[in-house]
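Scroll down for the structure; my scribbles are underneath it.
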Amino acid sequence: QVQLVESGGGLVQAGASLRLSCAASGRTFISGAMAWFRQAPGKGREFVAGIKGRGGSVYYADSAKGRFTISRHNAENTLHLLMNNLRPEDTAVYYCAAGSGVITSSVPNGDAYAYWGQGTQVTVSQ
């Protein structure tokens, strides 16, 4: 049984940093992709960042470029998202997602991922 468990969320002030982590168990996704999505109150799910297993290519939403860094540790089967210079508009529940056979063009597409974590709340105050 595959499980993804996120951690690291919290309440911070604008300009602060947070590091989210996602621990995967049950299988590895070395040949696939892992990603972070977020959902703010009243809004749809939004792609934040993704990383391919083979080669480690990374992809970012425009809102994340220059501020967020995604990384994965294949040996530990973990995914991380370092978020710097947080803004109030970054407030959302952040979800870890994983899937095998995710092609490059589908990395930002939530439907490409078979496995999801329960989410971790990130709240950024003014």
Side-chain angles (χ1 to χ4, degrees):
Q1 182 180 355
V2 175
Q3 275 194 315
L4 303 177
V5 180
E6 302 99 333
S7 61
L11 171 63
V12 296
Q13 290 188 324
S17 299
L18 278 176
R19 184 174 186 255
L20 305 184
S21 296
C22 172
S25 61
R27 64 168 293 178
T28 61
F29 298 93
I30 295 176
S31 63
M34 298 184 77
W36 290 97
F37 289 79
R38 67 187 183 186
Q39 187 164 18
K43 296 187 176 181
R45 183 176 60 196
E46 176 187 28
F47 170 75
V48 177
I51 184 167
K52 297 292 291 290
R54 297 196 187 281
S57 297
V58 297
Y59 309 87
Y60 295 97
D62 287 344
S63 58
K65 287 178 182 176
R67 299 188 300 128
F68 295 1
T69 303
I70 188 171
S71 61
R72 65 189 290 174
H73 194 301
N74 287 335
E76 296 180 353
N77 218 15
T78 55
L79 179 73
H80 303 282
L81 183 69
L82 175 61
M83 304 186 293
N84 293 322
N85 192 21
L86 283 162
R87 304 165 179 167
E89 54 263 40
D90 295 318
T91 295
V93 177
Y94 284 71
Y95 296 93
C96 170
S100 56
V102 179
I103 61 176
T104 298
S105 60
S106 294
V107 169
N109 183 353
D111 292 338
Y113 298 87
Y115 305 101
W116 292 82
Q118 82 290 348
T120 185
Q121 177 71 46
V122 172
T123 303
V124 185
S125 63
Q126 295 280 6

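Qualifying ring pair (Phe, Tyr, Trp, His ring centres under 6.0 Å) partners for Y115, counting only residues two or more places apart in sequence or in other chains: F29. Residues passing the ring pair (Phe, Tyr, Trp, His ring centres under 6.0 Å) test with Y59, sequence neighbours excluded: none. Legend: residues meeting salt bridge (Lys or Arg N to Asp or Glu O under 4.0 Å) with R19, ordered by chain and number and at least two apart, are absent.
No side-chain heavy atom of Q13 sits under 4.5 Å from any side-chain heavy atom of L86. The shortest distance between side-chain heavy atoms of Y113 and V107 falls below 4.5 Å. Side-chain contact between V122 and M83 is present, with heavy atoms from C-beta onward closer than 4.5 Å.
Considering CD of Q3 and SG of C22, their distance stands at 11.0 Å, rounded to 0.5 Å. The line from CZ of R67 to CG of N84 is 9.0 Å long, rounded to the nearest 0.5 Å. Note that the CG atom of D90 and the CZ atom of R38 stand 5.0 Å from one another [nearest 0.5 Å]. Rounded to the nearest 0.5 angstrom, L18 CG and F68 CZ are separated by 9.0 Å. Expressed to the nearest 0.5 Å, how far CG of L79 lies from OG of S71 amounts to 7.0 Å. To the nearest 0.5 Å, atom CZ of residue F47 and atom OH of residue Y60 are 9.0 Å apart.
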With a cut-off of 3.5 Å and sequence neighbours excluded, list every side-chain donor-acceptor pair involving residues 98-105.
from: T104; atom 1: OG1; to: K52; atom 2: NZ; distance (Å): 3.4

Which pairs would a plain distance check flag for residues 4-12, meaning a side-chain donor or acceptor within less than 3.5 Å of a matching protein atom at least two apart in sequence or in another chain?
from: E6; atom 1: OE1; to: Q118; atom 2: N; distance (Å): 3.0
from: E6; atom 1: OE1; to: Q118; atom 2: NE2; distance (Å): 3.4
from: E6; atom 1: OE1; to: G119; atom 2: N; distance (Å): 2.9
from: E6; atom 1: OE2; to: C96; atom 2: N; distance (Å): 2.8
from: E6; atom 1: OE2; to: G119; atom 2: N; distance (Å): 3.2

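A single hydrophobic cluster is not seen to contain both L82 and V58; linkage of ILVMFWY side chains at heavy-atom distances under 4.5 Å, directly or through other members, places them apart. M34 and V48 fall within the same hydrophobic cluster, where Ile, Leu, Val, Met, Phe, Trp and Tyr residues are linked whenever their side-chain heavy atoms come under 4.5 Å apart, directly or through other members.
Aromatic ring orientation, F37 versus W116: tilted (interplanar angle from 30° to 60°).
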Worksheet item: Going through the distances and angles, do E46 and S63 end up as a side chain to side chain contact (heavy atoms under 4.5 Å, CB included)?
Response: CA-CA 10 Å; E46 176 187 28; S63 58; 4.0 Å; yes

Practice prompt. Please test N85 against R87 for side chain to side chain donor-acceptor pair (under 3.5 Å), starting from the C-alpha separation and ending with a verdict.
Written response: CA-CA 6 Å; N85 192 21; R87 304 165 179 167; 5.5 Å; no

Item to complete: Check the pair R27, N77 against side chain to side chain contact (heavy atoms under 4.5 Å, CB included), reporting the backbone distance first and the verdict last.
Response: CA-CA 8 Å; R27 64 168 293 178; N77 218 15; over 6 Å; no

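The two residues P88 and A14 make their nearest non-hydrogen contact at CD-CB, 4.1 Å. The two atoms that bring T91 and A40 nearest to each other are O-CB, 3.6 Å, heavy atoms only.
Within the structure, the disulfide (SG to SG under 2.5 Å) test picks out no pair touching residues 25-93 (sequence neighbours left out).
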